[in-house]
Amino acid sequence: MDLLLKGGHVIDPDHLDGQMDILIQKDRIQSIKPSVQDSGRFPDVSSAPDRLKIIDLTGKVVTPGLIDMHVHFREPGQEHKETIRTGSTAAVYGGFTGVCTMPNTDPANDSSSITTYILEKAQEAGMTKVYPCGAISHALNGIRTTRFDELKKAGAVALSDDGMPVTSSRLMRKALEIAKNVDLPVISHAEDLALVGKGAMNEGRVAEDLKIPGIPNAAESIMVQRDIALADLTGARVHIAHVSTRESVMAIRAAKKIGIPVTAETAPHYFTLTHEAVKTCGTNAKMNPPLRSAQDRTAIIEGLVDGTIDAIATDHAPHHPDEKNVAFEKAPNGIIGLETSLSLGLALVAQGHLTLVDLIRKMSVNPSKILNIPCGLNENASADITVIDLDVQNRVHAESFQSKSRNTPFNNWTLKGGPFLTIVDGRIVHQTS
Ligand SMILES: [Zn+2]
C-alpha cells in the first residue's frame with residue numbers, strides 16, 4: 001500500500017520547514033511537495049486509487065524518523081528483562097525508527113556472530129531498525145580488543161564497552177587508533193570505578209539524608225577528560241555517553257571549542273529529574289551515572305541549548321520488578337525510557353529551552369551523523385518517518401508499556417505531546433489509536 005501523508009507540518013532540520021505532502025511508494029519517499037489544499041488528487045500520483053492510503057496530518061508535525069543511539073535490549077542472555085522484539089516494539093511506540101543497541105548482552109556483542117544474531121532477530125521483529133554497537137574488548141573485560149573490522153563488516157555502527165568503563169588508558173588509546181582506521185566512533189562510558197567505590201547514588205545532601213554511599217561528579221568527569229585527551233592524541237572520534245554532570249559539560253564544551261573530535265549525549269532523566277527523585281521513586285530512580293543535583297541538571301540543559309550536547313538518548317535499561325524490588329544499594333542500575341523520551345524532550349520545548357527544530361536535530365539528525373546511518377526526509381530515501389502530535393495529553397501508565405519491564409520513575413506523570421505515527425521503510429509500524 002502506498003501512503004500519502006497530507007498536510008502535516010514537515011520539519012527536516014537541514015532543509016524543510018512548512019506544510020507539505022509526502023508520497024511514499026513501497027519503502028521509499030517518492031516526493032515531498034508543498035501541500036495541495038483542495039481535496040483533489042496529489043499531482044503526479046501514479047498509484048492506483050485502491051493502492052493508496054491517504055492520511056490527513058493537518059496539525060501534526062512530520063519529522064525524519066527518530067533515532068535513539070543508546071538502548072539495552074538484553075538479548076541474547078537476559079530475555080526476562082527485554083527481547084529484541086519487545087524492545088523494538090517499545091521503540092516504535094516511542095516514535096523511534098532506529099536504535100543503537102549497546103553490547104553488554106550475555107554473551108557480549110564482541111564477535112560478528114553475535115552482531116549477526118542481533119540483526120536477524122531485529123529483522124524478524126520487523127519494527128524499529130536496529131544498529132548494533134560492538135564491544136571494544138572481549139566480554140567487556142578491558143584486556144584485549146575485539147576485531148573491529150569484522151564487527152563493522154557484520155553491521156556494527158560503533159564500538160563501546162558500555163556498562164563498563166575502559167579502565168586502561170593504554171587499551172583505550174589502542175582502541176581509538178584501530179577504530180579510526182575502520183572509521184567507527186567509540187562510545188565512552190565514562191566512569192572511574194575506584195572513585196565510585198560502593199557509591200550507589202549522587203554524593204551530596206540527599207545521599208546523606210538517606211544514608212546511601214555517594215558517587216561524586218568527578219567519577220564521571222575524570223574519565224570524560226581522559227577520553228577527550230585520547231581523542232586529541234589519536235584524532236579518533238569519541239562520543240561521550242549519558243552525560244550527567246556540570247563538569248563533564250564544561251570539559252566537552254572546552255574540547256569542542258578547540259576542535260577535538262568529541263560528541264556527547266544525555267538522557268531525558270538527567271534534564272528532567274534530580275537526586276531528590278530517589279526519595280520518592282527509590283530504585284526506579286537508580287541508574288549509572290546517577291541523577292545529580294539541580295545545578296547539574298541546569299548545566300545539562302545549558303549544554304543542550306548551546307550545542308555542547310549533540311544528542312538525546314534514553315539509555316533504555318530494562319530490569320525485572322523482582323530485581324528492582326530490593327534494597328537500594330543492591331538493585332541494578334538503569335531505567336526504561338523509549339516510551340517516554342519524546343514527550344520529555346517536548347517538555348524542554350514547551351519550557352522554552354529548545355526550539356522544536358533543535359529537539360528534532362538532537363533526536364534524529366545528530367545521532368545519524370554520529371553513527372553514520374541514514375536519516376532525513378529526502379526524495380528516494382528510505383521512508384523512515386515520525387509524526388508527532390504536539391497537543392495530545394497522556395498519562396504515563398507503565399503497565400501498558402510495550403517494553404517487558406516497568407522500571408520508570410515517570411509512572412503516572414501527565415505529559416504533553418508524543419508520537420502519533422511511526423513509519424519504517426514505508427510501513428506503518430505504530431499508529432496512536
Ligand atoms: Zn553506560
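Atoms within a ligand are numbered from 1 in the order they appear, just like the ligands themselves. As a basis for the values below, the full set of heavy atoms in this structure was taken, side chains included, without hydrogen atoms, waters or symmetry mates.
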Give a yes or no on whether D315 keeps an N, O or S atom under 2.8 Å from the Zn ion (ligand 1). no
The Zn ion (ligand 1) to H70: any N/O/S contact under 2.8 Å?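 Coordinating: no.
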Are R147 and D110 close enough for a salt bridge, meaning some N to O gap below 4.0 Å? no
Check all N, O or S atoms of H189 and name the one closest to the Zn ion (ligand 1).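 For H189, the N/O/S atom sitting closest to the Zn ion (ligand 1) is ND1.
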Find, among atoms of D162 that are N, O or S, the one nearest to the Zn ion (ligand 1), and state its name.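 The nearest such atom is OD1.
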State, without any angle test, whether E220 and S244 hold a side-chain donor-acceptor pair at a distance under 3.5 Å.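 Distance-only check passes for E220 and S244.
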Aromatic plane relationship, H316 with F73 - under 30° parallel, 30 to 60° tilted, over 60° perpendicular: perpendicular
Are H70 and H242 near enough that their ring centres are under 6.0 Å apart?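 Close enough - the centres of the two rings lie under 6.0 Å apart.
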